[in-house]
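Reading through the structure tokens given below for one structure.
It should be emphasised that the depicted structure is a prediction, and the values quoted were computed from it without experimental measurement.
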Amino acid sequence: MTARQRSADIEKRLAEDASQFRLLTGDRPTGALHLGHYFGSLENRVRLQNAGVATFVVIADYQVITDRDGVGPIRDRVLSLICDYLAVGLDPARSVIFVHSAVSALHQLMLPFLALVTDAELRRNPTVKSELADTDGRPMSGLMLTYPVHQAADILFCKANVVPVGKDQLPHLEQARVIARRFDDVYGRVDPQRPVFPRPEALLSQAVNILGVDGRKMSKSRGNAIEIGMSADQTAKLIRRAVTDSDRLVTWDPERRPGVANLVLLVALCTGRAPQDVADEIGNGGAAALKALATEAINERLAPVRARRAELAADPGYLLKVLTEGNAAATGVAEQTLDEVRAAMHMNYDDYDRRR
């Protein structure tokens with residue numbers, strides 16, 4: 001069965017009983033979230049949470065330093081992510097939102113996991129290979145080399161059995177599946193009826209390729225992204241700069257007219273319409289009409305999110321409370337998992353009193 005077929009099967013099972021699933025997802029706090037995140041992952045997280053899936057959301061602050069020399073304004077960025085999460089509809093009563101650095105038991109899984117992988121396997125990982133190719137002779141950090149194992153620890157600490165990913169992220173999930181299987185083979189089980197770690201499955205996201213206003217991939221670092229937290233005026237100003245072309249007739253043609261198609265797609269996503277219908281409506285209105293419609297659609301779609309976000313940003317004490325409670329919940333889960341790992345490895349030495 002292909003990854004796409006398995007993902008479709010998971011969707012069917014979700015509709016029947018979402019409570020059988022536990023999900024892990026998250027982001028690195030390297031900048032503001034934007035429309036690519038909103039339509040590519042955030043909406044889906046809220047959908048799954050609301051369906052009844054036990055949801056864990058990691059703000060991967062430790063992963064910031066895999067490929068950077070410093071952390072930057074990381075505290076502000078963490079709080080900004082929490083603002084975005086809550087504003088779009090993640091509910092701290094139903095989703096555990098936590099930061100890497102606060103859950104030490106999660107990171108203790110790295111040591112036994114590292115014993116289950118080889119240097120060659122890590123270097124074959126697409127993200128690691130890409131980083132190695134881009135180092136330009138600069139040594140790659142040990143943290144970057146072990147990045148796939150760190151992601152496996154994120155997934156397996158909470159025993160997530162489903163992970164929303166794009167096709168390009170499947171090798172990372174496969175590494176987590178390999179580690180789960182090898183742990184079972186090498187160290188065994190505490191409960192003979194089940195392995196310590198489930199083998200997580202991919203819930204493949206629908207490909208939504210949203211470009212930045214300059215025609216390149218929308219990115220935190222390129223200054224081409226329509227951020228969730230932008231004002232309506234900032235959004236309008238950015239869209240006025242958007243790359244289109246000289247053909248006045250607006251058509252839906254992603255291959256030959258990517259800039260125009262990108263704005264058409266944004267209108268379609270924001271209004272729940274088909275891209276072809278949006279293009280047909282604008283017709284000979286040209287780029288000016290398309291940009292005006294895109295500005296209106298985006299600002300209208302994000303208006304309630306932005307209003308809620310402004311309220312949240314004005315109360316950092318509440319944001320820290322959400323994070324503190326999420327960290328505590330994640331720590332409790334991680335410590336339970338670590339206890340089971342130690343028992344499977346016969347490294348549990350704290351039960352002397354119970355044996356007397």
- Message: Are Tyr187 and Leu338 connected into the same hydrophobic cluster when the rule is that any two of I, L, V, M, F, W, Y join if their side-chain heavy atoms are below 4.5 Å apart?
- Response: yes
- Value rounded to 0.5 Å, distance of CG in Asp61 from NE2 in His100: 7.5 Å
- Message: Minimum heavy-atom separation for Met110 and Ala153, please, with both atom names.
- Response: SD-CB, 4.4 Å
- Task: Would you please test Arg94 and Asn50 for side chain to side chain donor-acceptor pair (under 3.5 Å) and show each step?
- Result: CA-CA 8 Å; Arg94 292 182 287 173; Asn50 291 346; 3.1 Å; yes
- Query: Side chain of Arg182, backbone of Leu116: donor and acceptor closer than 3.5 Å?
  - Reply: yes
- Query: Is there a donor-acceptor pair closer than 3.5 Å between any side-chain N or O of Arg22 and the backbone N or O of Cys158?
  - Reply: yes
- Query: Do Arg194 and Asp191 pass the salt bridge (charged side-chain N to carboxylate O under 4.0 Å, His left out) test, and can you show the C-alpha distance, the side-chain angles, and the key distance before you say yes or no?
  - Reply: CA-CA 6 Å; Arg194 62 173 180 83; Asp191 180 350; 3.7 Å; yes
- Task: Identify whether Met347 and Ile179 are in the same connected component of the hydrophobic contact network (ILVMFWY, side-chain heavy atoms under 4.5 Å).
- Result: yes
- Query: Taking all non-hydrogen atoms of both residues, which atom of Val57 and which atom of Thr55 are closest, and how far apart?
  - Reply: CG2-CG2, 3.9 Å
- Within-4.5 Å side-chain heavy-atom neighbours: Val103 and Val58: no
- For Glu335, does its backbone N or O pair with a side-chain atom of Gln108 as donor and acceptor, under 3.5 Å? no
- Which pair of heavy atoms, one from Ala334 and one from Ala105, lies closest together, and at what distance? CB-CB, 3.6 Å
- Verdict with supporting geometry, Asp154 and Gln63, side chain to side chain donor-acceptor pair (under 3.5 Å): CA-CA 11 Å; Asp154 293 343; Gln63 288 182 5; 3.2 Å; yes
- Query: Less than 4.0 Å between a side-chain N and a carboxylate O, is that true for Arg13 and Glu16?
  - Reply: no
- Message: I'd like to know whether CZ of Arg75 has more than 12 heavy-atom contacts from other residues, nucleotides or ligands below 6.0 angstrom.
- Response: no
- Using atom types as modelled and distance alone, determine if a side-chain donor or acceptor of Asn224 lies under 3.5 Å from a backbone N or O of Lys217. yes
- Message: Test of understanding: clusters of I, L, V, M, F, W, Y form through side-chain heavy atoms closer than 4.5 Å, transitively. Do Phe39 and Tyr85 belong to the same one?
- Response: yes
- Task: Identify the heavy atoms of Ala180 and Arg199 that sit nearest to each other, and give their distance.
- Result: CB-CG, 4.2 Å
- Query: What is the distance from atom CG of Leu106 to atom OG1 of Thr331, rounded to the nearest 0.5 Å?
  - Reply: 9.0 Å
- Query: Between Lys237 and Asp233, does at least one N-O distance fall below 4.0 Å, as a salt bridge requires?
  - Reply: no
- Crowding at CD, Glu296 (>12 non-hydrogen neighbours, <6.0 Å): no
- Task: Measure the spacing between CD of Glu300 and OG1 of Thr295 and express it to the nearest 0.5 Å.
- Result: 12.5 Å
- Check whether any side-chain N or O of Gln169 sits under 3.5 Å from a backbone N or O of Gly166 as a donor-acceptor pair, and report yes or no. yes
- Leu14, Leu90: one ILVMFWY side-chain cluster at the under-4.5 Å cut-off? no
- Task: Determine whether the side chains of Arg124 and Gln175 contain a donor N or O and an acceptor N or O closer than 3.5 Å.
- Result: no
- Message: Test side-chain contact (heavy atoms from CB on, under 4.5 Å) on Glu201 and Asn161; report intermediate values, then the result.
- Response: CA-CA 6 Å; Glu201 293 281 359; Asn161 56 3; over 6 Å; no
- Are any of the side-chain heavy atoms of Leu319 and Leu86 separated by less than 4.5 Å? yes
- Any chance the rings of Tyr62 and His107 have centres within less than 6.0 Å? yes
- After noting the C-alpha distance and the side-chain angles of Thr271 and Arg301, does the key distance pass the side chain to side chain donor-acceptor pair (under 3.5 Å) rule? CA-CA 8 Å; Thr271 59; Arg301 177 63 177 265; over 6 Å; no
- Query: Hey, mind stepping through Arg45 and Asp27 against salt bridge (charged side-chain N to carboxylate O under 4.0 Å, His left out) and telling me if it holds?
  - Reply: CA-CA 12 Å; Arg45 294 176 194 179; Asp27 303 278; 2.9 Å; yes
- Check the pair Phe197 / Phe157 against ring-ring contact (aromatic ring centres under 6.0 Å, His included), numbers first and verdict last. CA-CA 8 Å; Phe197 297 109; Phe157 97 92; over 10 Å; no
- Between Arg240 and Thr235, do the side chains contain an N or O donor and an N or O acceptor separated by less than 3.5 Å? no
- Message: With a 4.0 Å cut-off on N to O distance, would you call Glu227 and Arg309 a salt bridge?
- Response: no
- Do Pro92 and Glu325 come within less than 4.5 Å of each other through their side chains, counting heavy atoms only? no
- Can any side-chain N or O of Arg257 pair as donor or acceptor with the backbone N or O of Val260 at less than 3.5 Å? no
- Task: Group every Ile, Leu, Val, Met, Phe, Trp and Tyr by side-chain heavy-atom contacts under 4.5 Å, then state whether Phe113 and Val163 land in the same group.
- Result: yes
- Sub-3.5 Å donor-acceptor pair from the side chain of Asp277 to the main-chain atoms of Arg273, do we have one? no
- Of all heavy-atom pairs between Ile239 and Ile298, which one has the smallest distance, and what is that distance? CD1-CD1, 3.6 Å
- Separation between OG1 of Thr251 and CG of Asp280, rounded to the nearest 0.5 Å: 9.5 Å
- Task: Report the C-alpha distance between Asn327 and Val99 in whole Å, list the side-chain angles of each, state the deciding distance to 0.1 Å, and finish with yes or no for side-chain contact (heavy atoms from CB on, under 4.5 Å).
- Result: CA-CA 7 Å; Asn327 290 342; Val99 287; 3.6 Å; yes
- Task: Drop me the distance from Arg6's CZ to Leu204's CG, to the nearest 0.5 angstrom.
- Result: 8.5 Å
